[in-house]
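The chain is numbered in sequence order, starting from 1.
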Amino acid sequence: ATTAAEHWRERAEDASATAAAIRDDNTALKAEVARLQQMKRTVPATSSVKQASSTTSSTAGWQTAKVSWYGPGFYGNTMAGGGVLTTSSMVVAHRTMAFGTRIEFRYKGRTCIAVVNDRGPFIAGRTFDLGPGTAKALGFSGVGTVEWRVV
């Protein structure tokens with residue numbers, strides 16, 4: 001009986017130590033989330049009409065920009081502007097435009113409207129990263145040039 005009691009006492013101590021480690025990890029995670037949310041709130045609000053990048057040109061209200069798209073590997077992740085990225089998310093990532101800015105895109109005869117809700121792209125020379133729903137609506141894949149305007 002003593003051996004069994006000792007065994008279960010050790011198991012209980014192990015479980016207590018594991019629970020304490022999980023609580024510590026959870027506290028650290030909450031602190032990191034709070035830090036990231038604070039950083040997100042301090043991102044300067046920039047004019048959504050501002051020229052998006054030096055690779056952008058203007059023609060009759062529409063501008064052109066080199067873009068890419070993202071999705072696989074990011075599905076289920078929280079976007080910088082809030083919400084979770086899904087396969088149908090009609091969003092776009094931009095480095096500085098205010099979250100909620102509505103952008104109309106035109107590509108090979110198709111148009112759609114997406115909302116800035118994430119940050120990126122993080123590849124030099126690209127102006128936007130189209131979310132998966134946006135890319136699908138435009139029939140876009142890979143890297144290419146689209147027309148866009150703020151609406």
Heavy-atom closest pair, residues L138 and Y107:
O-CD2, 3.4 Å
So NZ of K136 and CZ of R110: to nearest 0.5 Å the spacing works out to 10.0 Å
Is there a chain of hydrophobic side chains (I, L, V, M, F, W, Y, each step under 4.5 Å between heavy atoms) that links V115 to F105?
no
Would you call the rings of W148 and F128 parallel, tilted or perpendicular, where under 30° means parallel and over 60° means perpendicular?
perpendicular
Please name the pair of heavy atoms, one in T96 and one in R119, separated by the smallest distance, quoted to 0.1 Å.
C-NH1, 3.7 Å
Please collect all salt bridge (charged side-chain N to carboxylate O under 4.0 Å, His left out) contacts where either partner lies in residues 96-105, sequence neighbours excluded, each pair once.
E104-R149
Could you measure the distance from the CG atom of N117 to the NE2 atom of H94? Nearest 0.5 Å is fine.
14.5 Å
Look at the side chain of R95 and the backbone N and O of P121, then say whether any donor-acceptor pair between them is shorter than 3.5 Å.
yes
Nearest 0.5 Å, what's the OG1-CG distance between T127 and D129?
10.0 Å
Return a table of donor-acceptor pairs under 3.5 angstrom between the side chains of residues 69-78 and protein atoms on other chains or two or more places apart.
from: Y70; atom 1: OH; to: D118; atom 2: OD2; distance (Å): 2.9

State which residues pass side chain to side chain donor-acceptor pair (under 3.5 Å) with S89; sequence neighbours excluded, sorted by chain then number.
T86
In one Ile/Leu/Val/Met/Phe/Trp/Tyr side-chain cluster, 4.5 Å: V92, V150
yes
Using side-chain contact (heavy atoms from CB on, under 4.5 Å), reason through K66 and V143 one step at a time and then give a plain yes or no.
CA-CA 7 Å; K66 187 174 181 182; V143 177; 3.5 Å; yes
Does V91 offer a backbone N or O that forms a donor-acceptor pair with the side chain of T134 under 3.5 Å?
yes
Shortest non-hydrogen separation from L85 to P132 and the atoms involved:
CD1-CD, 3.6 Å
